[in-house]
Amino acid sequence: MTTETRKELVIKPATACIVEHITHIYSCRNCDKNGEAGFVKKADSPKALIPKSFVSPSMMAHIMNNKYTMALPLYRQEQEFKRLGFEISRQNLSNWILKGASLLNPLYAEMKKQMLEEELLHADETTLEVLNEPGKKATSKSYVWIYRTSKYTLNPIVLYEYTEGRGGIFPKTFLREWTGTYLHCDGYSGYKQLEGITLCGYLVHAKRKFHEAVVASPNNELAKTGENYIRKLFAIEEQADKDQISIEERLNLRKSESKKVFNEFYDWIQSVESKILPQSLVGKAIKYTQNQKEYLASFMLDGRIQLSNNLAEQSVKPFVIGRKNWLFSNTINGAKSSTTIYSIIQTAIANNLKPEKYLEYLFTQIQKGNDVARFVPWSNEIPEDCRLKKSQ
């Protein structure tokens with residue numbers, strides 16, 4: 001009569017196996033007897049990814065993906081390998097990651113080179129604890145800076161950089177060859193050391209401070225008024241998104257409607273500022289908004305500038321989640337290796353690639369002696385099995 005179809009999703013757990021590469025070596029006995037040189041010949045064989053190591057491209061990719069995509073610390077991976085029948089110490093795993101990251105450095109350099117050609121960037125930073133850092137206590141703070149291209153780029157790039165401090169010299173050094181114009185960043189004064197660059201503040205931060213005052217005191221009309229002004233600015237942007245207007249049209253909209261609301265907002269601040277206690281939540285919100293006025297107004301200079309720094313904050317999150325699990329880096333080299341791998345994985349994800357498959361492809365190309373800088377995540381050379389397909 002008919003057929004019925006029932007589907008179920010079946011998972012095939014990961015397996016580990018050993019692949020032996022056997023290389024034949026030949027000699028000419030007559031050449032040996034006659035005292036002739038070069039009588040021993042060795043057949044071609046695939047080189048090891050890391051000399052004197054049995055780590056393969058797939059295993060390197062698996063270890064890195066587990067730690068930096070899935071936030072699985074090495075001691076847990078060590079336990080899982082044991083359950084698969086292999087005794088691999090976390091020290092070995094760590095050493096492989098350090099060496100694997102060094103193999104990816106040319107790709108990181110190429111991604112940075114192309115990022116610095118972008119006109120708009122996003123930046124943020126977060127803390128990192130490095131145990132063995134010369135001249136510093138184990139509990140002192142180091143930092144990881146995140147730089148990301150804007151939503152209007154053709155090739156999304158996310159880069160992480162480890163530094164021993166938070167001074168403005170670090171973004172200044174990282175971006176010294178940047179040819180762009182606009183940098184989305186928070187109110188940290190270190191960014192002000194950047195010369196010839198327009199800093200774009202977060203209106204969402206100002207909104208958040210007024211919202212905190214509303215939550216603390218729901219009947220505080222001043223807090224509600226301040227938040228509502230900023231809500232109006234975001235509402236204009238949301239409507240522009242729905243209407244799918246061009247960048248030029250968005251800029252014209254900002255210069256007319258948004259500018260009017262923005263000026264009314266600051267006129268209101270001036271009218272009530274003297275009536276509010278500076279240390280109250282509303283007072284702090286107003287102080288922040290006043291101090292950041294120049295940077296909060298930047299969105300009216302270009303239709304591509306965002307009212308928030310969500311892109312950079314979203315890129316901070318994977319690092320923070322990982323840090324909660326593996327807690328710290330043991331050495332400076334380890335911290336730098338981690339930022340290199342995070343950069344490549346998060347850029348791969350932003351370009352709709354499967355991180356583990358992409359890493360395996362990269363290490364396979366490295367093993368073959370190819371220049372890894374060729375295989376940026378948006379390259380047409382990346383095979384289809386590395387690309388993310390639509391969910392079924």
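Residue numbers count from 1 along this sequence.
In this model, a donor atom of one side chain and an acceptor atom of the other lie less than 3.5 Å apart for S142 and E133.
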- Query: What's the verdict on side-chain hydrogen bond (donor to acceptor under 3.5 Å, both in side chains) for Y191 and E125, showing C-alpha distance, side-chain angles and the deciding distance?
  - Reply: CA-CA 11 Å; Y191 292 111; E125 74 282 342; 2.5 Å; yes

Set out, in order, the CA-CA distance, both residues' side-chain angles and the distance that settles side-chain hydrogen bond (donor to acceptor under 3.5 Å, both in side chains) for Q91 and N95, then state yes or no.
CA-CA 6 Å; Q91 186 60 55; N95 289 338; 3.1 Å; yes

Review point. Going through the checks in order, is the side-chain hydrogen bond (donor to acceptor under 3.5 Å, both in side chains) test met by T225 and W268?
Key: CA-CA 9 Å; T225 301; W268 171 79; 4.8 Å; no

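Looking at T149 and L121, their side chains come closer than 4.5 Å, going by heavy atoms from C-beta outward. The shortest distance between side-chain heavy atoms of S298 and Y182 does not fall below 4.5 Å. Annotation: side chain of L103 is in contact with side chain of L49 (closest heavy-atom distance under 4.5 Å). At a threshold of 4.5 Å between non-hydrogen side-chain atoms, the residues K357 and E360 count as touching.
Look at K113 and E177 and you find no salt bridge, because none of the NZ, NE, NH1 or NH2 atoms lies under 4.0 Å from a carboxylate O. Between R387 and E384, at least one side-chain N (NZ, or NE/NH1/NH2) sits under 4.0 Å from a carboxylate O, which counts as a salt bridge. Salt bridge D243/R250: absent, no basic N to carboxylate O contact under 4.0 Å. Using a cutoff of 4.0 Å between basic side-chain nitrogens and carboxylate oxygens, R83 and E80 are scored as salt-bridged. A salt bridge between E8 and R6 is present, with a side-chain N of the basic residue lying under 4.0 Å from a carboxylate O of the acidic one. Here K260 does not pair with E257 in a salt bridge; the nearest charged N to carboxylate O distance is not below 4.0 Å.
Aromatic ring centroids of W326 and F319 lie under 6.0 Å apart. Within the 6.0 Å centre-distance limit, the rings of Y342 and Y68 are counted as a close aromatic pair.
Of all heavy-atom pairs spanning L307 and L233, the tightest one is CD2-O, 4.0 Å. The shortest heavy-atom contact between G167 and Y188 is CA-OH, 3.6 Å. Shortest non-hydrogen contact noted between Q346 and P318 is NE2-CB, 3.5 Å. Annotation for V376 and E110: closest pair CG1-CG, 3.8 Å, computed over non-hydrogen atoms. Across all their heavy atoms, Y202 and C185 have their closest contact at CE2-O, 2.9 Å.
The aromatic rings of H205 and Y288 are tilted relative to each other, their planes meeting at an angle between 30° and 60°.
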